[in-house]
Amino acid sequence: MRAVITGTGKDKVGIIAMASTACSKYGANIIDISQTVMKEYFAMIMLVEVTNLSITFSEFVEVMKTEGDRCGVDIRVMHEDIFNTMHRI
């Protein structure tokens with residue numbers, strides 16, 4: 001199972017480090033990552049493998065949101081099933 005993690009906010013040092021550290025701590029493996037800075041704004045998209053999470057997926061979603069809030073970045077985690085369902089419509 002995979003998930004897409006997005007992050008947006010004002011650019012600052014350490015956003016990728018924060019997100020990757022949280023993923024590592026709970027067993028989410030980063031498969032791919034893209035990030036850009038547009039003037040002072042930061043945007044990131046990560047594709048992560050979540051099969052071996054040490055917590056539930058719902059808990060992981062909340063942890064990532066909390067970590068993002070702490071850094072002033074909007075972090076969202078969406079299970080890949082959301083995108084697969086949208087494709088069938």
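Values reported hereafter were calculated over all heavy atoms of this structure, with side chains retained and with hydrogens, waters and symmetry mates removed. In this text the structure is predicted, and so the values were computed from the model without any measurement.
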- Message: Would you say Ile82 ends up clustered with Val4 if hydrophobic residues are merged whenever their side chains have heavy atoms under 4.5 Å apart, either directly or through other cluster members?
- Response: yes
- Taking C-beta and beyond as the side chain, do Glu67 and Ile75 meet within less than 4.5 Å on heavy atoms? no
- Task: Determine the minimum heavy-atom distance between Val37 and Lys39, stating which atoms define it.
- Result: CG1-O, 3.2 Å
- Would you say the side chain of Asn29 lies within less than 4.5 Å of the side chain of Cys23, judging by non-hydrogen atoms? no
- Flag side-chain contact, heavy atom, 4.5 Å: Met18 against Ile16: no
- Query: In Å, rounded to the nearest 0.5 Å, how long is the span from CD1 of Ile55 to CD of Glu62?
  - Reply: 10.0 Å
- Determine whether Ile5 and Phe60 make a side-chain contact, defined as any pair of heavy atoms from C-beta on separated by less than 4.5 Å. yes
- Query: Which hydrophobic side chains are connected to Val13, either touching it within the sub-4.5 Å cutoff or through other members that do?
  - Reply: none
- Note on the structure: For Ala19 and Met64, the nearest pair of non-hydrogen atoms, with its separation, is O-CE, 3.9 Å
- Please report the C-alpha distance between Thr6 and Arg76 in whole Å, then the side-chain angles of each, then the deciding distance to 0.1 Å, and finally whether the side-chain contact (heavy atoms from CB on, under 4.5 Å) criterion is met. CA-CA 5 Å; Thr6 60; Arg76 297 178 189 243; 3.7 Å; yes
- Task: Could you walk me through whether Ile15 and Cys71 pass side-chain contact (heavy atoms from CB on, under 4.5 Å), step by step?
- Result: CA-CA 7 Å; Ile15 298 171; Cys71 291; 5.6 Å; no
- Note on the structure: The reported gap from CZ in Phe57 to CG in Asp81 (rounded to nearest 0.5 angstrom) is 9.0 Å
Just distance, no hydrogens or angles: give the donor-acceptor pairs under 3.5 Å from side chains in residues 41-52, sequence neighbours left out.
{"unit_1": "Glu49", "atom_1": "OE2", "unit_2": "Met1", "atom_2": "N", "d": "3.1"}
{"unit_1": "Glu49", "atom_1": "OE2", "unit_2": "Thr51", "atom_2": "N", "d": "3.3"}
{"unit_1": "Glu49", "atom_1": "OE2", "unit_2": "Thr51", "atom_2": "OG1", "d": "2.1"}
{"unit_1": "Thr51", "atom_1": "OG1", "unit_2": "Met1", "atom_2": "N", "d": "2.8"}

- Does any pair with a residue in residues 12-36 pass salt bridge (Lys or Arg N to Asp or Glu O under 4.0 Å), and if so which ones, sequence neighbours excluded? none
